[in-house]
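One structure is given below, encoded as C-alpha cells.
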Amino acid sequence: MRGSTLYRRMVAVSIRAQMQYRASFLLLSLGQAGVTVIEFFGIWALFDRFGRLPDWTLAEVAVFYGVVNVAFSFSDAVSRGFDLFGQDVRQGDFDRVLVRPRSSLLQVAGSRFAIHRIGRLIQGAVVLAVGLSQVESQMGPVEGLLLVFAIAGGAALFLGLVVLQATLAFWSTETLELMNTMTYGGVQTAQYPIAIYREAFRRFFTFVVPLACVAYFPVVAVLGRPDPLGSPFWFQCVAPLAGFAFLFASFGVWQIGVRHYTSTGS
Amino acid sequence: MAQIQVEGLTKTFQIAKRRAGMLGALAGVVRREHRELVALDAITFEIGQGELIGYVGPNGAGKSTTIKILSGILVPDAGHCEVLGFVPWRERRRYVAAIGVVFGQRTQLWWDLPVVESFDLLRSIYHVDDASYRRTLDEMVSLLDLEPLLDTPVRQLSLGQRMRCDLAASLLHEPSLLFLDEPTIGLDAPSKLAVRDFVKRLNRDRGVTVILTTHDMDDIETLCERVMVIGDGRILQDGSLADLRERVSPERRLIVDLEDPEVTLDAPGARVISREGPRWELAFDPRVVSPAQLITQVASRHAVRDLFVENPPIEEVITEIYDHGGLAS
Amino acid sequence: MTAAALSGYRALLSARYRMVLQYRAAAAAGIATQFFWGVIMIMVMEAFFAVGVAPPMSFAATVSYIWLGQALLALQPWNHDRELEAMVQKGHVAYELLRPLDLYTLWFVRAVAWRTAGASLRAIPIVLVAGLLLPVMGGERWALGPPAGAEAALGFAVALLGTIALGGAITTLVHVSLLWTISGEGLARVMPSLVIFFSGMVVPIPFFPDWIQPLFAWLPFRGLADVPFRLYTGHIPPSEALPTLALVAAWALALVALGRWLMARGARRLVVHGG
C-alpha cells in the first residue's frame, strides 16, 4: 500500500474515532468558528473606527485574511499529530512509530486528523468570498488558480512551521504550546497586508518565514492593484513556491531530529 | 547461525542534573550540569533461532536500552549488532518489518477504535496481503480467544484483554522474532497464565524467537530455558535457569511441619533459615547431604506432619546475583 | 482564604516556579514571541492611526495597553492545565476527593499559583525591554510608558488583584467543566476566544464601536485586561475606578460561587460513576 493510500486510511480512521464523540466535535467546530469570527470582528472594528488603512480597504484585507485562514485551517487539520507530538515523545510513543516499517513523518501526520478545523475553514472561506466580491478587480481563471496556489503554498508553509516545532521535541522536553504562538502569530501577522509593517519585519516574513510569499504577494496579484512595495507581477505569481520549499526544508530538519532521537533516546 | 549477534554493545547517556531548591532551579537556568550514565557497558551475547530468552535485571540496569537498540529505536555508541542479518538502526525500516514488539506499558492499538480496525490498519502499515492476513488473524483469534473482543473499542478493554490483543497485533505480519517488554505487568493471574501459555505455544509450535523482559519470576520459571541477567550495564549471568541456581547457590530447601510446635528440630547437615510455629524451613547442600538422607534423619527423630523439598525462589537467586555483582566468567 | 489555602498557595507557587524555570527555552521562546506580537500589534495600530481619524485613545496609551497585555498574557485564563486534564481523563481525580481539603479551594489555589508564577516570570523581561530598553534604543514611540500618576498606579495594582481573582475563577470553572466532557475540549475550547477577545487582548476595547461598548462593560472579561490597563494609562480616571473595580469584584465572587456549585455537582457525579 502506497504512502498516500495509507495516509488516507489513517485519516479516515482518525475521523471515525473522533465521530464517537459527536458532541465534542460539534463544540470544537463551533469553538473554532467562534475564534475566527471574533478575530475578524476585531479587524472589522478597527476599520469601522478608522474607515480604512492608508493604502488598503477592508475588502482587500478580507482577502488576505481569508487566504491565510483557509491555508492555516488545512495545515492545522493535517498537522494535529505534530501539534501533540511533544507529548508522544515524552510518553515514549515515538518508539512505537520507530518499530513500524513506514516513514515517521507519515505515521505522525496520520496519527491524528483535526476534522473540527472545518470551523476555521468555513469562516475563512466566507470572509474570502465576501472580500473578493467587494474588491474592484475581476476574478478570472488566472486569479482563481493563483488563489489556489497561494492557499496550497500557505498550507505547506504552516505545515512546515508545525513540523519544525514538533522537531524541537527531540531536543527538549518542554511544552510546545508556546511555540504555537509562532504559527498563530504568523496567521495574525499575515491577516494584514505585510506592507504595513516595518522593513525588518517584511524582510523576516519574506526571507526567513516566507509568509509574505504565500499571502501578500500572490494576493496583490489577484487584487490586480499596484504593490506599494513595488514587486513585479511575475514574482507575485511564483512566490508561493517558497511555502513548498520551506516545507521540504522542515522535512530535512525532522530527519536530523529523528537521528538525534535515536542516538540519545531522549 | 545465530539470529541475534551482539558484540561489545555500549551506550552512554547524558543526564541533566537537577539542583534542589529554588536557588538550584535558578542556577539551572544559567548553566546546566550533566553527568554520564553508562547504560550498557560492552555487552556481548548470541541468540539462536527459536530460543525463548528471559532478560531480567533491576530497573535502570540496561534492559530497555538493550531492547531499544535491538529493535532499531536507539543507536549504540560502540559495538556491533546483527539481527536477522540486519544492523537494526542502519536499515531500520526494512528491519522492523520482520520483527514484532510489544511494550507492556503502552498499547499499539488505536484507543478509540474497535480492535479489528486497529488490526486492519496494522495490516496496511505492514503491507500484509489479504490471504496471509486472514489466516494469521483467524489463528490469533482462536489462540487468544479474541472473538468477543474484536468489535470492542480498545479503551473499554481490561488490561488483560488489551494485552491479548496487543500480542495478536504484533504478530499479524508474522515476524520470526518477537520482543516482549514486560508483557505481564499489571495483569491479573488468569491473564498472566493466558499470556504465558500463548507465548509458550508461539515459541514451540511456530519457532518464533522470543526475548522477554520481566520482573515476574514466574514468567521466567514457566517460560524460559535461558536467562540473561543484566546489572549496571553488564551481563552478569547467561545460562539455563538450573545453571543459574547452581552457580549462585546449590542450596535447596526442606520445609518440615512438626506435630509438636514446642519441639526444637534437630537436623544434622542442614541449616535452619526460619521457624514459624511448627513449620521449619531448612537449607541444605545436596552435595553434602542428599535429600533422601536428610528426610530420613528428620523423620526418625521427630513426629512429622508434612514435609517437602523445594528450590530457593528465583527472586532470591536473582537478588543474590545483583548483590554480588555477578558470577559470569 | 484560610491559612491552609495560603500555605498551599505558597507551596504550589514555588513548585510552579521551579517547574517553569526548568523550561528555560520555552520561557525564552515565549518572551520572544510575545515581544514580537506586541510589536506587530503596535505596527497595525500605527498604520490605522496614520489615517488621521481622531482616535478614542492616544497612541502612547494604546502602546502601553498593548505591552501590558503582552506582559500579563499568562494571567489570562486562555488555556487550561494539561496536567489537571490528564488527571481527570485518567480518573486520578478520584484521589483528589480523598484529600482532607475543599476541592474547589485546592483547584482555585492551584490555578492562581499557575497563572501568577508564569506571569511574574514573563512580565519582568517584557516590562524591562518595552519600558526601559526601547526608549534607550531610540524607540520611545513604541515604548511602554510609566503609569499616569500615583493614583493610577494604585488603581492598577488593585485592579491587578481583581485580574488574578477573575483569572483564577475562570480557569477553575474550565477545570471543573472537564469533569463532564471527558475529552475536555468543550468549554475549554470556547473560553479562550471569549477571554482573549472580550478582555481587550485582540483589540483594545475603546476602539470597538460605541454601540457595543455596554456589552464589553458588563461582561466579566474586561476585568482581565482592559480595566487594569486603562487605569494604568489614566484612560479610566482614578475617580471612576471604584464602580469599575466593584463590578470586577462582583463578577469574581459570582464566578467562584458558580464554580463551587458546579464542583459540588461534579464531585457527586464522580462518586456515583466511580470516576
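The structure displayed is predicted, hence computed values, not measured ones. Residue numbers begin at 1 in each chain, while the letters A, B, ... track the order of the sequences.
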Report summary line: Separation between CG (B:Asp232) and CD1 (B:Ile235), nearest 0.5 Å, reads 12.5 Å
Report task. Measure A:Gln18 against the heavy atoms of chain B and call it side chain, backbone, both or neither at under 4.5 Å. Result -> neither
**Report entry** chain A contacts, top residue of B:Ile73, B:Thr65, B:Val75 (heavy-atom pairs, under 4.5 Å)
**Finding:** B:Ile73
Query raised in the report: Under 6.0 Å between ring centres, would you say that holds for A:Phe94 and A:Phe170?
Result: yes
Query raised in the report: Using a distance-only test with no angle check, is there a side-chain donor-acceptor pair under 3.5 angstrom linking B:His173 and A:Arg100?
Result: no
Report task. For residues A:Phe85 and A:Ala169, report the shortest heavy-atom separation together with the two atoms involved. Result -> CD2-CB, 4.1 Å
Report summary line: Answer key: most heavy-atom pairs under 4.5 Å with chain A among B:Gln105, B:Arg123, B:Glu117 is B:Glu117
**Report entry** Portion of B:Leu122 that has a non-hydrogen atom of chain A nearer than 4.5 angstrom
**Finding:** side chain
Query raised in the report: For A:Ser103, is it the side chain, the backbone, both, or neither that has a heavy atom closer than 4.5 Å to a heavy atom of chain B?
Result: both
Query raised in the report: If only atom types and distance count, is the side chain of A:Ser73 paired as donor or acceptor with the main-chain N or O of A:Arg120 below 3.5 Å?
Result: no
Query raised in the report: Is a salt bridge present between A:Asp88 and A:Arg112, judged by a nitrogen-to-oxygen distance below 4.0 Å?
Result: yes
Requested in this report: Would you mind checking which part of B:Val102 comes under 4.5 Å of any heavy atom in chain A, side chain (CB onward), backbone (N, CA, C, O), both or neither?
Outcome: backbone
**Report entry** Which atoms of B:Trp89 approach chain A - backbone, side chain, both or neither, heavy atom under 4.5 Å
**Finding:** neither
Report summary line: Under 4.5 Å to a heavy atom of chain A? For B:Gln108 that would be both
